[in-house]
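Notes follow the structure.
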Amino acid sequence: VHQELSTMTTVQWGNTILVLMLTFPADMAAARVLPTPQRSITTTTPAISLSVSCYGNPERTWIKNNSTRTITLHSLGSIYNRGTNEPLSIGYRLGAGKSVTYQTGSRASVNVLTRGFIYDSYVGTSEGSQVVTSVGTFSARCVYISGYFPLSPGSATKTQLAGLLPGTRRTEHFTVHYRPRSFGQHNSGIFAQDAEAAVTHIESRLALTWYGHDDYYLSCGITPQPNPGLRGLARCGYRTIYERHDGVGSRFDRQYIAAHETTHQIACDNIGAAAWVMLSEGLAMYTSERYLLADGQISLDGFSRAALQQGKLISITNLTNDKFYGRLLRRYPYDEAGSFVGYLVRRYGVAKFKKVYTSGNYTGVYGKSLYTLGADWRRYLGSAAARGPFPSDDARYLGYVAKVQDGHRHLFAVLDAGKRVSMRCYRALDDARLAADRANFAMAESRLRDFYALAPKISTTRGTSIPGPAIRE
């Protein structure tokens with residue numbers, strides 16, 4: 001309540017006298033100031049809505065007319081580093097409220113503008129689509145990942161895979177296939193160098209020479225269900241290797257995948273069929289560990305020792321019969337099998353391991369049962385002979401590995417629900433994966449927060465059961 005002051009004023013207008021009484025607060029600072037009227041802001045919907053799928057085959061550009069009149073679509077082209085044939089002529093009259101989708105790429109089949117690829121999926125949001133119309137020019141950026149690869153690499157024919165990945169580069173041991181204007185094409189020279197270096201490394205580790213030549217497919221999408229946890233696949237009898245090669249991860253991390261999958265093919269050609277999946281995957285992990293260590297990641301022994309000390313090490317019997325769903329979702333069997341195989345090779349030599357690889361006869365080869373060898377391996381993990389680097393905090397390390405696995409379950413559930421995932425979201429999860437593998441807990445936590453903040457919201461996927469795979473990494 002303010003003390004009020006009053007004043008009276010008289011004003012004469014012709015024969016009329018007006019008496020004015022003015023009342024106001026004594027404290028003028030306490031007077032209420034009326035807000036200045038705000039200008040009304042009107043938002044309008046653009047005449048054209050435009051979205052683009054830059055990473056698949058075919059590429060798709062979706063255009064919708066939001067106006068109440070017909071609009072002529074003159075041309076369409078990419079934004080980054082346009083080809084000599086761009087912009088592509090359209091010349092189509094799009095009715096009010098109508099939409100149309102144009103396709104480009106070797107697999108284009110509806111409203112085809114060109115069989116060539118126009119969007120450079122390597123440069124992310126620097127790329128996009130630009131459409132010139134009778135009412136102006138409109139653009140959209142490449143911001144979403146392509147999602148699942150269109151075909152299951154475990155059952156697709158070479159013709160089907162080549163149709164999706166029509167670009168090629170030949171090396172001594174591989175014919176490399178990739179999607180033009182993709183990371184695979186831009187990185188094909190580096191990949192060829194790294195893949196051939198991996199072959200030389202594997203030959204040295206296994207004391208053999210490989211004369212094979214395989215088709216190697218560099219995918220630009222995630223392996224489809226029921227095997228989304230796979231980053232690579234080798235079909236030995238079919239002489240085909242498949243790898244998710246879309247720019248995430250580090251160079252050493254990608255070289256690990258090439259070495260892992262190539263080991264499967266080399267072992268198949270030079271040693272024979274593995275008696276147990278555990279021996280096959282363990283050997284591939286053992287030969288490819290070199291690149292994980294070069295990337296600064298915790299060693300296979302380091303992971304296994306952490307699992308042992310936290311009471312989570314899989315028993316050797318269960319490890320032999322375990323399911324290998326892909327290392328993104330089931331880390332324990334891969335790293336533990338690699339540690340166990342590495343122990344056998346270093347302790348008894350590669351020649352004996354080759355014999356047990358195909359026979360599964362541990363007693364006949366080593367003079368010890370699998371159970372006894374497993375007990376020896378557990379003691380080795382706790383000794384000074386085990387090879388690091390080791391995590392500084394076993395519980396936190398395994399905890400973040402598990403959190404990243406949960407993140408991938410969420411990612412795959414989002415894709416299964418038909419939702420789109422941004423490149424920023426996808427890269428945040430992969431950054432968290434590498435940080436966890438390097439035991440960089442602060443970075444792993446930060447990037448996981450970024451991932452969940454960017455990921456489409458669905459019901460929780462923690463504890464989601466993983467279906468048994470039709471194929472394995």
Answer whether the closest heavy-atom distance between the side chains of [X] and [Y] falls below 4.5 Å.
{"X": "D431", "Y": "M443", "value": "no"}
{"X": "Y357", "Y": "V350", "value": "no"}
{"X": "N57", "Y": "F117", "value": "yes"}
{"X": "R347", "Y": "Y380", "value": "no"}
{"X": "L76", "Y": "I118", "value": "yes"}
{"X": "W62", "Y": "S49", "value": "yes"}
{"X": "L411", "Y": "Y426", "value": "yes"}
{"X": "R331", "Y": "F303", "value": "yes"}

Which of parallel (below 30°), tilted (30 to 60°) and perpendicular (above 60°) describes [X] and [Y]?
{"X": "F191", "Y": "F174", "answer": "tilted"}
{"X": "F412", "Y": "H408", "answer": "tilted"}
{"X": "Y400", "Y": "F441", "answer": "parallel"}
{"X": "F340", "Y": "W377", "answer": "perpendicular"}
{"X": "Y122", "Y": "F183", "answer": "tilted"}

Any salt bridge linking [X] with [Y]? Criterion: basic side-chain nitrogen under 4.0 Å from a carboxylate oxygen.
{"X": "E59", "Y": "R179", "answer": "yes"}
{"X": "D322", "Y": "R330", "answer": "yes"}
{"X": "D430", "Y": "R427", "answer": "no"}

[X] side-chain N/O to [Y] backbone N/O, donor-acceptor pair under 3.5 Å:
{"X": "R254", "Y": "G249", "result": "yes"}
{"X": "S339", "Y": "D335", "result": "no"}
{"X": "Q309", "Y": "D394", "result": "no"}
{"X": "T240", "Y": "R235", "result": "no"}
{"X": "Q265", "Y": "C236", "result": "yes"}
{"X": "E261", "Y": "A234", "result": "yes"}
{"X": "S106", "Y": "G163", "result": "yes"}

**Derivation and outcome, side chain to side chain contact (heavy atoms under 4.5 Å, CB included), residues Y286 and T263** = CA-CA 10 Å; Y286 162 69; T263 296; over 6 Å; no

**Request:** Step by step, work out the side chain to side chain contact (heavy atoms under 4.5 Å, CB included) result for I271 and F353.
**Result:** CA-CA 10 Å; I271 302 175; F353 179 77; over 6 Å; no

Distance-only side-chain donor-acceptor flag, [X] / [Y], under 3.5 Å:
{"X": "Y119", "Y": "S129", "result": "yes"}
{"X": "D194", "Y": "Y291", "result": "no"}
{"X": "Y343", "Y": "D301", "result": "no"}
{"X": "R170", "Y": "H213", "result": "yes"}
{"X": "E336", "Y": "S304", "result": "no"}
{"X": "S219", "Y": "Y242", "result": "yes"}
{"X": "T287", "Y": "H201", "result": "no"}
{"X": "S78", "Y": "D120", "result": "no"}

**Request:** Would you tell me whether C54 and C142 have their SG atoms within less than 2.5 Å of each other?
**Result:** yes

Closest approach of [X] and [Y], non-hydrogen atoms and distance?
{"X": "C220", "Y": "S146", "answer": "O-OG, 2.8 Å"}
{"X": "Y217", "Y": "A162", "answer": "CE2-N, 4.0 Å"}
{"X": "L164", "Y": "P150", "answer": "CD2-CG, 4.0 Å"}

**Asked** Given E127, which of R82, R141, R181 fulfils the salt bridge (Lys or Arg N to Asp or Glu O under 4.0 Å) condition?
**Response**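 For E127, the salt bridge (Lys or Arg N to Asp or Glu O under 4.0 Å) test succeeds with only one of R82, R141, R181, which is R181.
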
**Request:** Might you work through the side chain to side chain contact (heavy atoms under 4.5 Å, CB included) test for D406 and H410, ending with a clear yes or no?
**Result:** CA-CA 6 Å; D406 284 342; H410 185 84; over 6 Å; no

**Message:** side chain to side chain contact (heavy atoms under 4.5 Å, CB included) for L165 and L218? Distances and angles first, verdict last.
**Reply:** CA-CA 8 Å; L165 305 167; L218 301 181; 5.8 Å; no

Looking at [Y], is [X] sitting on its ring face, NZ or CZ under 6.0 Å from the six-membered ring centre and within 45 degrees of the normal?
{"X": "R305", "Y": "F390", "value": "yes"}
{"X": "K158", "Y": "Y238", "value": "yes"}
{"X": "R327", "Y": "Y334", "value": "no"}

**Request:** Using the side-chain hydrogen bond (donor to acceptor under 3.5 Å, both in side chains) rule, take Y211 and D269 through it: C-alpha gap first, then chi angles, then the decisive distance, then the call.
**Result:** CA-CA 9 Å; Y211 297 101; D269 290 347; over 6 Å; no

